Amino acid sequence: MESYVYSNEIIKNSLKAMNLPKNVRIFDTTLRDGEQTPGVSLTPDEKIAIAEKLSEIGVSAIEAGFPVSSEGERESIKKIASLGLDCEICGLSRAVKKDIDVAIDCDVQSIHTFIATSPLHREYKLKMSKEQIIETLVKSIEYIKEHGITVEFSAEDATRTELEYLKEAYKNAVDAGADRINVPDTVGVMVPNSMKYLISELKKDIKVPISVHCHNDFGLGVSNSIAAVEAGALQVHCTVNGLGERAGNASLEETVMSLDMIYGIDTGIKTEMLTKLSKLVSHYTGIKTQPNKAIVGENSFAHESGIHAHGVLAHALTYEPIDPEIVGNRRRIVLGKHSGAHAIKSKLSEIGVEVGTSVSNEQFSEIVERIKSIGDKGKIVTDADVMAIAEDITKRT
Ligand code: KIV
Ligand code: ZN
């Protein structure tokens with residue numbers, strides 16, 4: 001997709017030397033990691049409604065849930081897998097036979113199986129040696145492959161694992177039949193350069209597609225996912241609105257728009273549906289999206305300051321990176337204490353009040369003052385306020 005940003009000379013030149021993929025798969029885990037957001041629990045019907053929208057928007061894979069976790073979870077996953085959606089339906093399992101059996105029973109097309117590899121998890125959680133972990137992951141992958149199911153293997157806490165051991169674990173996973181490997185930055189400790197380094201190192205030994213799963217503990221989930229793509233990752237795990245454990249996961253809308261608009265990489269996502277999808281997920285999960293959330297937030301394309309509103313009214317791209325319609329969002333000129341004459345004139349015109357004909361220049365100055373004084377009290381100036389002020393002032397003459 002050609003865009004204003006993408007055709008920018010600085011960006012273009014900075015990306016020129018990179019060997020970027022043409023396509024990146026979006027593996028959506030809103031219904032699994034996203035549902036692990038504290039306080040979120042979706043009913044089977046809600047999960048199905050979200051899955052249908054995710055498929056419609058064009059994700060490559062949906063991680064529908066963690067089958068072993070509950071009966072309701074299995075019911076939802078089975079139903080989602082039976083819908084014949086236009087994307088891969090995946091179930092999560094630990095590298096444990098019982099988990100794998102229930103995932104198989106849900107008729108998913110792929111199983112995302114994981115075991116932790118980092119020293120912390122080995123010692124305090126699993127109480128297993130390095131060798132035992134490799135033995136376990138190999139057995140699990142071979143078992144899933146015996147059932148003819150696609151396997152994505154994750155070394156949980158990969159980014160805090162010794163590199164040589166991590167490579168060994170992934171090499172064993174591939175030899176056992178893993179179709180893709182996924183690199184979870186489980187507690188979000190990577191920075192873009194470390195992610196690039198790690199993926200480049202893994203690429204030397206791993207010949208199946210590499211995926212990443214970045215948590216957002218330092219607010220770098222999207223940047224780290226993108227850095228991984230720069231280094232050759234072909235799939236990114238995302239969640240709608242960046243939901244997920246703790247500070248969440250890389251947000252789908254931010255990842256997709258960056259890859260698409262800045263790098264020109266096709267994710268297959270119908271971007272004009274992003275804002276609707278975000279609202280749907282917010283509605284079902286009960287997690288409000290912050291107004292300044294990039295891409296889909298209520299304020300992502302809102303302008304209050306006089307200078308910005310003036311610029312946007314002259315040419316929207318002066319203060320917007322992309323047209324909001326591309327992501328199904330909308331531009332708003334918000335009136336408040338920072339507003340300038342251009343924005344207020346434009347708002348008046350929207351409600352049928354023309355400066356110079358309906359109101360004089362003096363009356364207009366008074367309208368401006370009254371709008372600013374509402375803004376000064378920390379209040380939002382609504383269309384109704386503007387209408388009332390204009391009526392009040394014109395009535396007096
Ligand atoms: O963050 C993580 O490590 C996970 C695993 C299950 C892959 O979500
Ligand atoms: Zn996770």
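Each ligand, and each atom within it, is numbered from 1 in the order the structure gives. Quantities reported herein were computed from a predicted structural model and do not represent experimental measurements.
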Distance below 2.8 Å from the Zn ion (ligand 2): protein N/O/S atoms
Asp33 OD2, His213 NE2, His215 NE2
When you look for heavy atoms under 4.0 Å from ligand 1, do you find them on the side chain of Arg246, its backbone, both, or neither?
neither
Could you see which bit of Asp185 sits under 4.0 Å from ligand 1, with heavy atoms only: side chain, backbone, both or neither?
neither
Compute the shortest N/O to N/O distance between His213 and ligand 1 and return yes if it is under 3.5 Å, no if not.
yes
Looking only at distances, please establish whether an N/O atom of ligand 1 is found under 3.5 Å from an N/O atom of Arg32.
yes
Verify the ring-centre separation between His315 and His310: is it less than 6.0 angstrom?
no
In Thr382, Ile389, Ile380, the residue satisfying side chain to side chain contact (heavy atoms under 4.5 Å, CB included) with Ile374 is Ile389
Residue pair Ala51 / Ile62: nearest heavy atoms and the distance that separates them
O-CD1, 3.5 Å
Could you report the tightest heavy-atom contact between Asn224 and Pro192, atom names first, then the distance?
OD1-N, 2.9 Å
Between Thr186 and His215: side-chain donor-acceptor atoms closer than 3.5 Å
no
State which residues pass side-chain contact (heavy atoms from CB on, under 4.5 Å) with Val174; sequence neighbours excluded, sorted by chain then number.
Ile181, Ile206, Val208
Among all the protein's non-hydrogen atoms, which is closest to atom 3 (O) of ligand 1, and how far away is it?
Thr186 OG1, 2.6 Å
With heavy atoms of [X] as the reference, note each atom of ligand 1 found under 4.0 Å away.
| X | value |
| --- | --- |
| Glu156 | 3 (O) |
| His112 | 7 (C) |
| Asp33 | 8 (O) |
| His215 | 1 (O) |

Sequence neighbours excluded, the answer for side chain to side chain donor-acceptor pair (under 3.5 Å) partners of Lys22 is none
Please confirm whether Gln36 comes under 4.0 Å of ligand 1, counting heavy atoms of the residue only.
no
Would you say Glu245 touches ligand 1, if touching means a heavy atom closer than 4.0 Å?
no
Side-chain heavy atoms nearer than 4.5 Å, only ILVMFWY residues, links allowed to pass through others: does that put Val187 and Met190 together?
no
Residues clustering with Phe66 (ILVMFWY side chains joined when closer than 4.5 Å, directly or via others):
Val68, Leu92, Val102, Phe114
Give the ring-plane orientation class for His308 versus Tyr319, where under 30° counts as parallel, over 60° as perpendicular and anything between as tilted.
parallel
Aromatic plane relationship, His112 with His213 - under 30° parallel, 30 to 60° tilted, over 60° perpendicular
tilted
